[in-house]
Amino acid sequence: MSVRELVVLGTASQVPTRHRNHNGYVLLWDGEGILFDPGEGTQRQMLRARVAAHDLNRICVTHFHGDHSLGLAGVIQRINLDRVPHPVTAHFPASGKRFFERLRYATAYRETVELAEEPVAGTGAVLAVTGSYTLEARRLSHPVESYGYRLTEPDGRRMLPERLAEHGIAGPDVGRLQREGEVRGVTLDEVSEVRRGQRFAFVMDTRLCRGVHELAEGCDMLVIESTFTDEDEDLATEHGHLTAGQAARVAAQAGVRHLVLTHFSQRYEDPAVFEQQARAAGFDGELTVARDLMRVPVPKRR
């Protein structure tokens, strides 16, 4: 049985607090694991969340500020220490390659795992196409080069039992129809409909920009920073961040089904204000104000 869920390892911005670890998020998707933005303490948070190094297939870094990347050294060494049996691919801004290399080789250790480096440049690109998803990146607006990531499942087909019955298609013929597209003059289009693939996006440090909207469009789950509350919008813009209200309006306009707010400034102690402002901004879908070590299932297909 496939599992599709977000594991939240940390939700703090800039500095950790007593209740919030630095950033870290793992998307589990049909037997693969994508680690986003491993800040300090990620290796320990993975242990607490019961996520193993063996679960990781990709690492995606949005940008090279410490709260999003200083955990890379420990995670990479743990991948090698545990002798993860499959290759791991790392995506990160090309302009930060020197930072990635310094973190990858921060101390001496024995390399036992194939770790492929695939930097992102320009306005973004398609990074990977697998049977389960297409992974893309889009440029964001932050004082240092930053990218958001989007995962899109290929569309499939949903068989319609009543139409199958009308055409006398049953048993092994259903599978044959799915494979070949036609059985006894009955086409797949006559007895099925398109099943839209799931869409997930990860948007961290950024002002409002085109990339934010492109990443969020039509997502089943959007994980997005809301560093500041709306009262501090000027401060958010100055430092290249979003407020709770801005993030929620993006989600509402994009038709997002489940909005996950995270990356909170240490100045705010009560997370309830983020939910209140997101609702006030007009988002009426499923809403989660992220907490460390929580697991958030990706919504079921429409």
Side-chain angles (χ1 to χ4, degrees), residues 4-8 10-14 17 19-20 23-25 27 36-37 62-63 67-68 136 138-142 146-152 196 198-292 294-300 302:
R4 294 182 179 181
E5 67 177 354
L6 175 75
V7 183
V8 180
T11 58
S13 70
Q14 193 171 30
T17 72
H19 305 292
R20 298 176 188 149
N23 283 281
Y25 311 84
L27 177 65
F36 295 95
D37 280 6
T62 60
H63 66 292
D67 54 325
H68 296 260
E136 303 173 79
R138 290 289 184 275
R139 181 76 179 265
L140 298 175
S141 175
H142 197 54
S146 182
Y147 289 88
Y149 296 93
R150 178 181 170 98
L151 184 148
T152 304
R196 180 180 177 275
Q198 289 181 311
R199 303 174 187 186
F200 169 93
F202 184 82
V203 178
M204 282 295 118
D205 299 18
T206 183
R207 305 175 183 89
L208 289 174
C209 65
R210 179 178 178 179
V212 173
H213 295 283
E214 289 179 348
L215 290 163
E217 182 60 35
C219 275
D220 295 279
M221 178 178 283
L222 170 64
V223 181
I224 187 168
E225 68 123 310
S226 56
T227 308
F228 294 97
T229 61
D230 293 341
E231 294 79 9
D232 292 321
E233 183 174 334
D234 289 345
L235 194 60
T237 302
E238 178 184 352
H239 292 282
H241 288 291
L242 298 174
T243 70
Q246 288 175 326
R249 282 189 287 275
V250 166
Q253 293 165 8
V256 169
R257 297 174 63 199
H258 191 156
L259 172 63
V260 180
L261 299 178
T262 188
H263 193 270
F264 308 116
S265 169
Q266 68 271 22
R267 68 179 57 213
Y268 309 111
E269 295 184 3
D270 183 7
V273 67
F274 292 94
E275 180 174 1
Q276 294 165 3
Q277 294 191 351
R279 292 302 188 194
F283 182 76
D284 59 4
E286 191 169 0
L287 173 62
T288 296
V289 177
R291 302 186 312 275
D292 288 19
M294 75 186 314
R295 289 175 175 254
V296 189
V298 176
K300 293 182 179 179
R302 299 176 190 266

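The first residue of the sequence shown is numbered 1, and numbering continues consecutively from there. Please read these numbers as outputs of a predicted model, since none were measured by experiment.
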Checklist line | Evaluation steps, side-chain contact (heavy atoms from CB on, under 4.5 Å), between Thr62 and Leu140 | finding: CA-CA 9 Å; Thr62 60; Leu140 298 175; 5.7 Å; no
Can any side-chain N or O of [X] pair as donor or acceptor with the backbone N or O of [Y] at less than 3.5 Å?
X	Y	answer
Arg257	Lys300	yes
Arg207	Thr237	yes
Asp230	Gly245	yes
Arg150	Leu215	yes
Thr288	Ala290	no
Gln266	Ala12	no
Gln198	Pro299	yes
Tyr25	Gly10	yes
Ser13	Phe264	yes

Margin query: If we count only N and O atoms by modelled type, under 3.5 Å, do the side chains of His142 and Thr206 hold a donor and an acceptor together?
Written below: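 Side chains of His142 and Thr206: no pair found under 3.5 Å.
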Check: Who passes salt bridge (charged side-chain N to carboxylate O under 4.0 Å, His left out) against Glu275, sequence neighbours left out?
Finding: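 With neighbours one apart ignored, the set is empty.
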Next item on the list: Inspect the surroundings of CZ in Arg210 and state if more than 12 heavy atoms from other residues, nucleotides or ligands are less than 6.0 Å away.
Entry: no
Next item on the list: Flag yes if more than 12 heavy atoms outside Arg279 fall under 6.0 Å of its CZ atom; otherwise flag no.
Entry: yes
What's the spacing between [X] [atom1] and [Y] [atom2] if we round to 0.5 Å?
X	Y	atom1	atom2	answer
Glu5	Met294	CD	CE	11.0 Å
Asp205	Thr227	CG	OG1	5.5 Å
His263	Phe228	NE2	CZ	9.0 Å
Gln277	Leu261	CD	CG	10.5 Å
Glu217	Leu222	CD	CG	11.0 Å
Phe200	His258	CZ	NE2	11.0 Å

Notebook entry, point to check: According to the interplanar angle, ranging from 0 to 90°, do the rings of Phe36 and Phe202 count as parallel (below 30°), tilted (30 to 60°) or perpendicular (above 60°)?
Noted result: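 Ring orientation of Phe36 relative to Phe202: parallel.
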Next item on the list: Measure the acute angle between the ring planes of His68 and His63, then classify it against the limits of 30° and 60° as parallel, tilted or perpendicular.
Entry: tilted
Notebook entry, point to check: So which heavy atom on Ala281 is nearest to which on Ala248, and how close?
Noted result: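 Taking Ala281 first and Ala248 second, the nearest heavy atoms are CB-CB, 3.9 Å.
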Check: Looking at Gly282 and Ala252, what are the two nearest heavy atoms and their distance?
Finding: O-CB, 4.0 Å
Notebook entry, point to check: Between Asp232 and Tyr268, is a side-chain contact (heavy atoms from CB on, under 4.5 Å) present by the stated rule, with each step listed?
Noted result: CA-CA 11 Å; Asp232 292 321; Tyr268 309 111; 2.5 Å; yes
Note to self: Checking Leu259 against Ile224 for the side-chain contact (heavy atoms from CB on, under 4.5 Å) test, could you report, in this order, the C-alpha distance in whole Å, the side-chain angles of both residues, the deciding distance, and whether it holds?
What the structure shows: CA-CA 8 Å; Leu259 172 63; Ile224 187 168; 3.5 Å; yes
Next item on the list: Take Val223 and Val8 through the test side-chain contact (heavy atoms from CB on, under 4.5 Å) and record every step on the way to the result.
Entry: CA-CA 10 Å; Val223 181; Val8 180; over 6 Å; no
Notebook entry, point to check: Would Arg196 and Asp220 pass as an ion pair if we require N to O under 4.0 Å?
Noted result: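 Salt bridge between Arg196 and Asp220, a charged N being under 4.0 Å from a carboxylate O: yes.
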